Protein chains: 2
Amino acid sequence: MVNENSIVQEKMGNSKLYKGSLNTIILKLLDEEGKMYGYEITQKVKELSKGELNITEGALYPALHKLEAEGLLDVEVARVDNRLRKYYKLTEKGEKETVSRLAELEDFIRSMQQLVNPKWSIQ
Amino acid sequence: MVNENSIVQEKMGNSKLYKGSLNTIILKLLDEEGKMYGYEITQKVKELSKGELNITEGALYPALHKLEAEGLLDVEVARVDNRLRKYYKLTEKGEKETVSRLAELEDFIRSMQQLVNPKWSIQ
DNA sequence: CCCTATGCATAAGAAATTTATGTATATTGG
DNA sequence: CCAATATACATAAATTTCTTATGCATAGGG
């Protein structure tokens, strides 16, 4: 069907998630929260980033499945209000991986700081 | 053929360039240096990042061509020691774009900082 | 009832990069 | 002199990661 509004797009405050950062975000959130389900992660990211980062489901669910397949996450299915939830939590391997991913992110940011030489710096 | 060394891989200090950051790096370096040629960029990035970031030629050259096609870069061919060099520099449009790309990078890093809540913070 | 929110999932396509080549000249060590 | 390495460009195929577009299902509000 045709768009009936003249307001074609309201694609607000968009992500610009640098590719590769999603896994690190997932791992770190699970590290903090203990366990979370997919939808909860999307909401938490939106909230913490003040709407700046928007994780799409098409990116999130495959990422979760992959992390699980790699043995970094465990799943536990629950039914709440007759709706399905899949709670994910870090395995031991996942906890170790989280540490190294965060270190990698920090290295990346430090490197970018060297290259891009901005007004800000990491303390 | 079979690998004759027991030293299978020496894939050192690897890139882990978060996808999407390459263009910003190129633009910022050109902004600082005035003009650079491709090979020079790879060496400069390696040097500034202390070997952390390794720009591959397969990524760099297409990126340069695309930035040129978008009108962000100008090229100037030179011959030095009988070898070809293509010097790139920012157009006016490229200079403006550089500013917004850097702002975007800063936003990203701030968002990651909110999410990943590390020991370090941006000042 | 219909729309939004909650909650999962997958498929097709796009974008950015890696890996693998290819060409050519210059320099250095043995 | 020759082989390996460095300099300097380029492109194609494959891969990774993400967006966009769907699809299914339940709950709640107006």
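No experiment lies behind these values; they were computed from the predicted model shown.
Within the nucleic acid shown, A:Gly58 comes within 4.0 Å of at least one base atom, counting heavy atoms only.
Between the CD atom of A:Glu40 and the CZ atom of A:Arg85 there is a distance of 7.0 Å, given to the nearest 0.5 Å. Distance check, rounded to the nearest 0.5 Å: CG of A:Leu115 to CG of B:Leu53 gives 6.0 Å.
With distances taken from any side-chain atom of B:Tyr61 to the nucleotides C:dA9, C:dT17, D:dA8, the minimum falls on D:dA8.
For the contact set between residues 31-49 of chain A and DNA chain C, defined by any heavy atom under 4.0 Å, the members are A:Tyr37, A:Gly38, A:Tyr39. Listed in residue order, the members of residues 74-90 of chain B having a heavy atom less than 4.0 Å from DNA chain C are B:Asp81, B:Asn82, B:Arg83.
For B:Leu27 and C:dA16, the CG to P distance is 13 Å, given to the nearest whole Å. Rounded to a whole Å, the CD1 atom of A:Ile55 is 16 Å from the C1' atom of C:dG7.
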Nucleotides 14-16 of chain D: which of its N/O atoms have a protein N/O under 3.5 Å away?
residue, atom, partner, partner atom, Å
D:dT16, O2, B:Lys19, NZ, 2.9

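Legend: ring-ring contact (aromatic ring centres under 6.0 Å, His included) pairs involving residues 87-116 of chain B, not counting sequence neighbours, sorted by first then second residue: A:Tyr18-B:Phe108, B:Tyr37-B:Tyr87.
Rounded to 10 degrees, the angle separating the terminal helix axes of the helix from C:dC1-D:dG30 to C:dG30-D:dC1, each built from five base pairs, is 10°.
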Under 3.5 Å, side-chain donor or acceptor atoms of residues 61-79 of chain A against the rest of the protein: list the pairs with distances, not counting sequence neighbours.
residue, atom, partner, partner atom, Å
A:His65, ND1, A:Tyr61, O, 3.2
A:Arg79, NH1, A:Asn82, O, 3.3

